[in-house]
Enquirer: 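This structure is in structure tokens; I'll ask about it shortly.
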Amino acid sequence: MTPEKIVNLQKHPIKDINYRKNCKAKLDLKGALVMENFLTFESLDYLQSESRELHHLAYFCHQNHNAYLLKPDPDLPDEHIRNLAQSSDKGCVTHDQIPLDSPLRTLYEWSVFQSFLEALLSNKIFPYTDNLSSININYFEKDQQLGWHYDNASFAVTLMVQAPEQGGEFQYLEHLRNFEKNDQGFAKTEDLVKGRIPCKKINMGDGSLVLFKGRNSLHRVTQVKSDHARILVTLNFNTEPGIMLSKLARMTFFGRLE
């Protein structure tokens, strides 16, 4: 399948300079950009079938973690937001398990798509050098979730392949901490986690592309409440070449190093 048959270029002319500027302005303002119906009907149907066929390869894991994705701080109490436990569980199919002719590989490697992302992020981007981490298909089945957390990466690029019928809602609030200035925003983070302040929501329909800046925006995915799983593809890039996902992360999310 050619790139032009994968992306709905009539709705999302990602080659166009003015369209790129408009998308960048929205991303910079809100920290999130939702591009509904980014995929053509043909490519969405293909990817839905492909992801279901690959499901048996998924490695499922459960994690307890804090919102900062750091080891607990023994100088702070367990109930402090820095240490307060969150739960995450999902299944994952790794890059090397995705067929060579998959539209996911075609899109990921398409120079036009990469230059579009670079224009929005004001950065050069590079794939992971390990063979597991660049493209991942993530499965959230009934009662599975992604707990409150901040991302280590400065941005995330995701494709919603199949939205659940109930639950699996993406919730967030931007600018709760300032990683660059070493301000962890403990008070605001605790307020959101404990429901004292409202969060925002991102609705992702089937075939949507979402760009999200999660380093300073606390976010989670609520429990899926339907048998219809939430299937999300992460298209993972780095702003520097030669980066591998850490051994700990690979063992945690994929159950293997290579």
Enquirer: Can you give me the closest heavy-atom contact between Phe113 and Leu107, atom names plus distance?
Expert: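 In this case the closest contact between Phe113 and Leu107 is CD2-O, 3.3 Å.
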Enquirer: Going by side-chain contact (heavy atoms from CB on, under 4.5 Å), name the residues that satisfy it together with Asn182, two or more places apart in sequence or in a different chain.
Expert: Gln184
Enquirer: Considering non-hydrogen atoms only, spot the tightest contact between Lys225 and Asp143 and give its length.
Expert: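 So the two residues come closest at NZ-OD1, 3.7 Å.
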Enquirer: Decide if atom NZ of Lys124 counts as having more than 12 heavy atoms of other residues, nucleotides or ligands within a radius under 6.0 Å.
Expert: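 Open.
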Enquirer: If I compare all heavy atoms of Asp73 with all of Asn83, which pair ends up nearest, and what's the gap?
Expert: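 In this case the closest contact between Asp73 and Asn83 is N-OD1, 2.7 Å.
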Enquirer: Give me the atom names and distance for the closest heavy-atom approach of Ser51 to Tyr139.
Expert: O-OH, 2.6 Å
Enquirer: Identify whether NZ of Lys or CZ of Arg in Arg256 sits under 6.0 Å from the centre of the six-membered ring of Tyr59 and within 45° of that ring's axis.
Expert: no
Enquirer: Using the test side-chain hydrogen bond (donor to acceptor under 3.5 Å, both in side chains), find all partners of Ser102 that sit at least two apart in sequence or belong to another chain.
Expert: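 side-chain hydrogen bond (donor to acceptor under 3.5 Å, both in side chains) check on Ser102 returns Glu50.
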Enquirer: Residues two or more places apart in sequence or in another chain: which of them pass side-chain contact (heavy atoms from CB on, under 4.5 Å) with Gln63?
Expert: His65, Ser88, Thr252, Phe253
Enquirer: Using the side chain to side chain donor-acceptor pair (under 3.5 Å) rule, collect all pairs that involve residues 195-213, keeping only residues at least two apart or in two chains.
Expert: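 Pairs touching residues 195-213 that pass the test: Asp28-Lys213, Gln48-Asp206, Glu174-Lys200, Glu190-Arg196, Asp191-Arg196.
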Enquirer: Please name the pair of heavy atoms, one in Val224 and one in Phe140, separated by the smallest distance, quoted to 0.1 Å.
Expert: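 Taking Val224 first and Phe140 second, the nearest heavy atoms are CG2-O, 3.6 Å.
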Enquirer: Tell me every residue that passes ring-ring contact (aromatic ring centres under 6.0 Å, His included) with Tyr46, counting only those two or more places apart in sequence or in another chain.
Expert: none
Enquirer: Taking ring-ring contact (aromatic ring centres under 6.0 Å, His included) as the definition, give me every residue that meets it alongside Phe38, ordered by chain and number, with sequence neighbours left out.
Expert: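 So Phe38 forms a ring-ring contact (aromatic ring centres under 6.0 Å, His included) with His12.
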Enquirer: Identify the heavy atoms of Gly242 and Thr129 that sit nearest to each other, and give their distance.
Expert: CA-CG2, 3.4 Å
Enquirer: Does the plane of the ring in Phe186 sit parallel, tilted or perpendicular to the ring in His80? Use 30° and 60° as the thresholds.
Expert: perpendicular
Enquirer: Using modelled atom types only, decide if a donor and an acceptor are shared between the side chain of Arg177 and the backbone of Arg215 within a distance under 3.5 Å.
Expert: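 It does hold such a pair.
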